[in-house]
J.: 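Below: one structure in structure tokens.
Positions are given from 1 along the sequence. Every number for a ligand or one of its atoms is a count from 1 in the order of the listing.
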Amino acid sequence: MPIDREKATLALDGPVSRVRLVSPARAKALEKLGVRTLRDLLTHFPRSYLDLSQVETCASARIGETCTIRGTVHEIKLKKPRYNLKLVEIALVDGTGILMVTAFRQPWLMDQVKSGDEVAVSGKVTFDYGYKRMTNPFIEVVGEQDGPSMAGAVVPVHPATEKLSAAWVRRIVANGLEEADGAFDPLPLGLRLRYRLMSRNAALHAIHFPRTMDEAAEARRRLVYEELLYLELFLMQEGAERARGATPTAHVVDGRRVGAFATGLPFALTGEQERARDEILAAMAASSAMNHMLLGDVGTGKTVVAGFALAAAADTGGQALLLAPTEVLARQHAEGLGSLLAAAGVSCELLTGSTSAAERASITERFAAGEVDVLIGTHALLSDDVQPARLTLAVIDEQQRFGVDQRARLLAKGEAPDALYLTATPIPRTLALALYGNLTLSYLKHRPHDAVSRSTRVLPKELQGEAFDAARAALARGEQVYVVCPLVGKGTAERDEKAAGKASDADAAGEEYHPVVAIEGEGDFDDDVAAATKEAAMLQATTFADYTVELMHGGMGADAKRAVMERFRDGEVQVLVATTVIEVGVDVPNATVMIVQDADRFGLAQLHQLRGRVGRGTKAAEVFLVSASTRDESLARLAAMETTDDGFELAAYDLSLRREGDILGNRQHGASGLKLVNIMRDGAVIEAAHADAAALLDVDPCLEEPDHRAMAREVRLAFAGETVGG
Ligand code: ADP
Ligand code: MG
């Protein structure tokens, strides 16, 4: 039968339920993963691969290393060691020995794996109680019923749910690929040839079912380039669109409120802050639309600089939105910056997901009437009921947490408003330009209190007592302490849901998801160690018995988190045990000691962000990175934290250490439209795509040439939030 290209192309945007094996129930499960159309299915990329060509046996697997082991399930048991905790334990045998596999919080494995099944597990090998073990490895049943997918030596592991196992997703994806065979390749041939890229069909087959890891890497290369080219085309077209016909505001930047804000500050700005303020105000005063990014490491004082911009908008009779990625952060801005602004005559309100309906109605109504100058909030600001009377400035804090379409939605609330992005991600200038269009930049390189010392020490677990001694000394001086633990109870399934963009709680998703800095690998899978809950109870009972210890983690509701944060800020709580939810922007100047448990599980950039939480006041701070690891490479990696305080350098160093097999990049928020791209690692591709997009639009601004039409459609589908037919 000849391949029908038209039909295959159209099928892409048909419902996924047309794919063989997709029953209504499975369609529902797929929807939970963000998959509605065949196109969604084909871009539901594996989150990892089991490389069965690199299999170890139970006997040959080296302790401390990550590997894949294939064997037969000898026994599988569900255990409940304590209330609220279920774990599945599997004894795996392969003729050379036995491997004990422990999976936390995935009780459904009991339905998916039976004794006698052949499975492959991939993870880090440890040794405990007389056995080699893996905790929360990737587990795949690799029996013969698996058919085509097992042809190669590489098994894809797709994001799955409780209702739909990875093995099922794999079968469905295989069927989906058949349906789409023969679809047009939207990428112009010239570009494909220039970079020697696979065809799209070949790339889709190869990323889902590679025969070798090299093939998967080639497929990724093609798909990443394509994602980036479309992103660039979208950004450039959107920029041109925005500029057309709209009249940007030339702001009054030396008005009464700007002056009052300056005099009301409890401190003097640093030289760098003054320069950044001047650069931003100059851009706001100009009659073109500002697109400005303020880059500065955590603690460099970006917020107050943004305050000047907000005051200038009010002086001009305009309004401003300040978007933050989490409830905690939005609230902190409303309280800190908000009260400084209020004192300067700028009225502020706070809008988040937990604002009551009545309050929300009142705030949006007053905002629409122009009675509120600045609205601070979370993703709630993006919703349609937020309609400013005259938006002249949009500020996005921690902007790396937001997708391009979210940014577009915020800016669309006004007529060519000025845009100010704040970020602690050290992204190189060329990348910033490529990702955010024509952009001006200001940098803050030093913290206001750089004079104050902050020391960082790596401690082996057996010496952690030294860290606790330092903590007690600080508490005795009336200061406060953070104890940071790796994530509690985030099973793989939960992470998958998150990765799939199931942002039921957008705030929580934003808090623990680090598109740029998250380290994939061992740290993610065994999150049982030093569970924060246990740690908090233990510390309260022993080390810090004289003080109040409280726990904060991502599983808590926004209200509960807020309450804990407030008690910590007010000093009622002296020791805060937390997972990385404290990472973004939290500011308690009296906190001077931070102890990070199992520090080797965090990425360096993430550790750097974490340590930015202390040393924010005028008192010297101490950071202790505790690690039980005995691997030289982990310790060498951590030692970099002792020697440099430059977040940029650390991020680059971390990237240089990434393993070869880790080629899928980090998943971005579903909303960003980018599924494979890693901003840090794909820098060269970003720049190439930027240049190519500019050249394409130069000759064909609306992408109307026959060779470009398919591409134009892809761009709209990927980024403009357009559905089929639109
Ligand atoms: P970030 O850049 O990480 O967002 P913040 O804006 O939260 O940093 O500022 C960090 C802390 O430094 C805050 O407590 C803020 O009040 C304080 N701060 C900012 N600028 C100065 C300054 N010039 N002098 C003293 N403290 C400052
Ligand atoms: Mg900040």
J.: Look only at interatomic distance and state if G299 has a nitrogen or oxygen under 3.5 Å from any nitrogen or oxygen of ligand 1.
T.: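 Such a contact does occur with ligand 1.
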J.: In plain terms, say whether E466 and R457 are close enough for a salt bridge, that is, a side-chain N and a carboxylate O under 4.0 Å apart.
T.: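 R457 and E466: salt-bridged.
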J.: Which atoms of ligand 1 are found less than 4.0 Å from any heavy atom of T303?
T.: 4 (O), 5 (P), 6 (O), 7 (O)
J.: At a non-hydrogen distance cut-off of under 4.0 Å, which region of R447 contacts ligand 1 (side chain, backbone, both, or neither)?
T.: neither
J.: With backbone taken as N, CA, C and O and side chain as the heavy atoms from C-beta onward, which portion of A268 lies under 4.0 Å from ligand 1: side chain, backbone, both, or neither?
T.: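 The backbone, only.
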J.: Can you find a side-chain donor-acceptor pair between T316 and H251 that sits under 3.5 Å?
T.: no
J.: Are any of the side-chain nitrogens in D600 or R637 under 4.0 Å away from the carboxylate oxygens of its partner?
T.: no
J.: Only heavy atoms of K302, strictly under 4.0 Å: list the atoms of ligand 1 that pass.
T.: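 Checking each atom against K302, I get 1 (P), 2 (O), 3 (O), 4 (O), 6 (O), 8 (O).
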J.: Whether the side chain of T543 engages the backbone of L539 through a donor-acceptor N/O pair (distance < 3.5 Å, no angle test) should be reported.
T.: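 Pair absent, no side-chain N/O of T543 close to backbone of L539.
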J.: Please identify which atoms of ligand 1 are closer than 4.0 Å to at least one heavy atom of T300.
T.: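 Selected atoms, number and element: 2 (O), 8 (O).
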J.: Give the atom numbers and elements of ligand 1 that come within less than 4.0 Å of a heavy atom of T270.
T.: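 Taking each heavy atom of T270 in turn, ligand 1 has 23 (N) under 4.0 Å.
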J.: Where is the tightest heavy-atom contact between S354 and E327, given as atom of each residue plus distance?
T.: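 The answer is OG-OE2, 2.7 Å.
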J.: With ring centroids as reference points, do Y482 and F568 lie under 6.0 angstrom apart?
T.: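 When the ring centroids of Y482 and F568 are compared, they turn out to be within the sub-6.0 Å range.
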J.: G301 to ligand 1: N or O pair under 3.5 Å?
T.: yes
J.: Checking the side chain of Q597 only, and the main-chain atoms of V626 only, is there a donor and an acceptor separated by less than 3.5 Å?
T.: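 Judged by distance alone, no pair lies under 3.5 Å.
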J.: Taking 4.0 Å as the limit for heavy-atom contacts, which would you say applies to L269 with ligand 1: side chain only, backbone only, both, or neither?
T.: backbone
